[in-house]
Amino acid sequence: RGTVGFNYRNAPAVAYARELIASGELGTVTHVRVRLFSDYAAHPDSALTWRYERARGGGGVLGDLASHGVDLARFLLGDIESLAADTAVFIPERARPTGATAGHTLATGGELGPVENEDYVNCLLRFASGARGVLEASRVSVGEQNNYGFEVHGTKGAVFWDYRRMGELGVGHGTSYQDQPVSTVFVGPGHGEYGAFQPGAANAMGYDDLKVIEARNFLRSVTEGTSYGPTLEDAVHSATALDAMSRSAAQRTWVSLG
Ligand SMILES: NC(=O)c1ccc[n+]([C@@H]2O[C@H](COP(=O)([O-])OP(=O)(O)OC[C@H]3O[C@@H](n4cnc5c(N)ncnc54)[C@H](O)[C@@H]3O)[C@@H](O)[C@H]2O)c1
């Protein structure tokens, strides 16, 4: 039993999006686009820390950002059946740091070493439900800071979420099909864990609040003996998908998650 730090699904707007999908109000979900764009490794002088080494950091943006994207995709649309991915290293060498590092330290003048894991991934997804998806993640996107989110489309509607406007969900559903209006819903006490933080809609929650929810889920998992929030099983599913993305990119083929 335990809880895993897939914190983005703790956002009340994400919980609401999942509810809307499950209720059938969007019709049958046809496709999703999940994006995780960041610039944290975009500076060419960003030091060659543990992050860029296979032995100490494992994967690159796959583990760091795409892992969250896979969890969001599964949380919203259910299990992934197969995928086809491509990866790239856009900054192949970085300078070794000369001292201890924390965060994204810059290091100029040091000896250059190879970046051993991917800066970027794009991936086509097929879900067990028949829905299709596109997941894209980058750690080197100049001009992007925490541009994480999704667009989910169904036969009767759509939902749109941007982490940077965490408390808002774009919702379009009804009977129009074409020219369907999209409204911005400010999440409130009826959505996810929002009511534990704020008494009324449109009061801002922040990243730290998602971590508070994560900590509570973890403590409840320990004390009550039942898993709350994203489980270890969810982490295994995410890791399996990331492993499949690596294989798919290396072999240039679709990979089934079996
Ligand atoms: N869930 C999330 O949203 C999220 C967000 C950010 C980071 N992370 C994860 O958190 C982890 C840490 O990331 P970070 O950005 O804070 O890394 P970081 O490099 O900034 O910090 C790591 C810290 O650990 C210290 N350290 C290294 N080896 C140590 C040792 N042997 N003993 C004690 N301290 C040691 C370093 O000095 C440094 O201060 C990574 O696995 C990252 O993927 C998760």
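Indexing begins at 1, ligand by ligand and atom by atom, following the structure's order. One is the number of the first residue; the rest follow in order along the sequence.
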Taking the non-hydrogen atoms of [X], is any one of them nearer than 4.0 angstrom to ligand 1?
| X | value |
| --- | --- |
| Lys211 | yes |
| Gly103 | yes |
| Trp50 | yes |
| Tyr148 | no |
| His68 | yes |
| Thr49 | no |

Can you check whether a protein heavy atom sits less than 4.0 angstrom from [atom]?
| atom | answer |
| --- | --- |
| atom 17 (O) of ligand 1 | yes |
| atom 34 (N) of ligand 1 | no |
| atom 3 (O) of ligand 1 | yes |
| atom 23 (C) of ligand 1 | no |
| atom 10 (O) of ligand 1 | no |
| atom 20 (O) of ligand 1 | yes |
| atom 14 (P) of ligand 1 | yes |
| atom 28 (N) of ligand 1 | no |

I'd like to check which ligand 1 atoms, numbered from 1 as shown, lie under 4.0 Å from a non-hydrogen atom of [X].
| X | value |
| --- | --- |
| Tyr207 | 2 (C), 3 (O), 5 (C) |
| Gly5 | 1 (N) |
| Ala102 | 20 (O), 39 (O) |

Report yes or no: do [X] and [Y] form a side-chain donor-acceptor pair below 3.5 Å?
| X | Y | result |
| --- | --- | --- |
| Tyr228 | Arg220 | yes |
| Asn10 | Glu214 | no |
| Tyr120 | Glu136 | yes |
| Asn117 | Arg54 | no |
| Thr3 | Ser221 | yes |

Legend entry - Tyr163, Phe75, Phe150 screened by ring-ring contact (aromatic ring centres under 6.0 Å, His included) with Tyr8, the one that passes: Tyr163

Legend entry - Heteroatom proximity flag, Tyr8 to ligand 1, N/O under 3.5 Å: no

Give a yes or no on this: more than 12 heavy atoms of other residues, nucleotides or ligands lie within 6.0 Å of atom [atom1] of [X].
| X | atom1 | result |
| --- | --- | --- |
| Gln180 | CD | yes |
| Arg33 | CZ | no |
| Phe197 | CZ | yes |

Taking only Lys NZ, Arg NE, NH1 and NH2, and the carboxylate oxygens of Asp or Glu, determine whether [X] and [Y] approach each other closer than 4.0 Å.
| X | Y | value |
| --- | --- | --- |
| Asp79 | Arg126 | no |
| Glu151 | Arg35 | yes |
| Arg74 | Asp234 | yes |

Inset, instruction - Mind checking the OG1-CG spacing from Thr184 to Leu169? Nearest 0.5 Å is all I need. - result: 9.0 Å

Closest protein heavy atom to [atom], given as residue, atom name and distance to 0.1 Å:
| atom | result |
| --- | --- |
| atom 1 (N) of ligand 1 | Asn7 OD1, 3.1 Å |
| atom 7 (C) of ligand 1 | Asp64 OD1, 4.9 Å |
| atom 36 (C) of ligand 1 | Thr101 O, 4.1 Å |

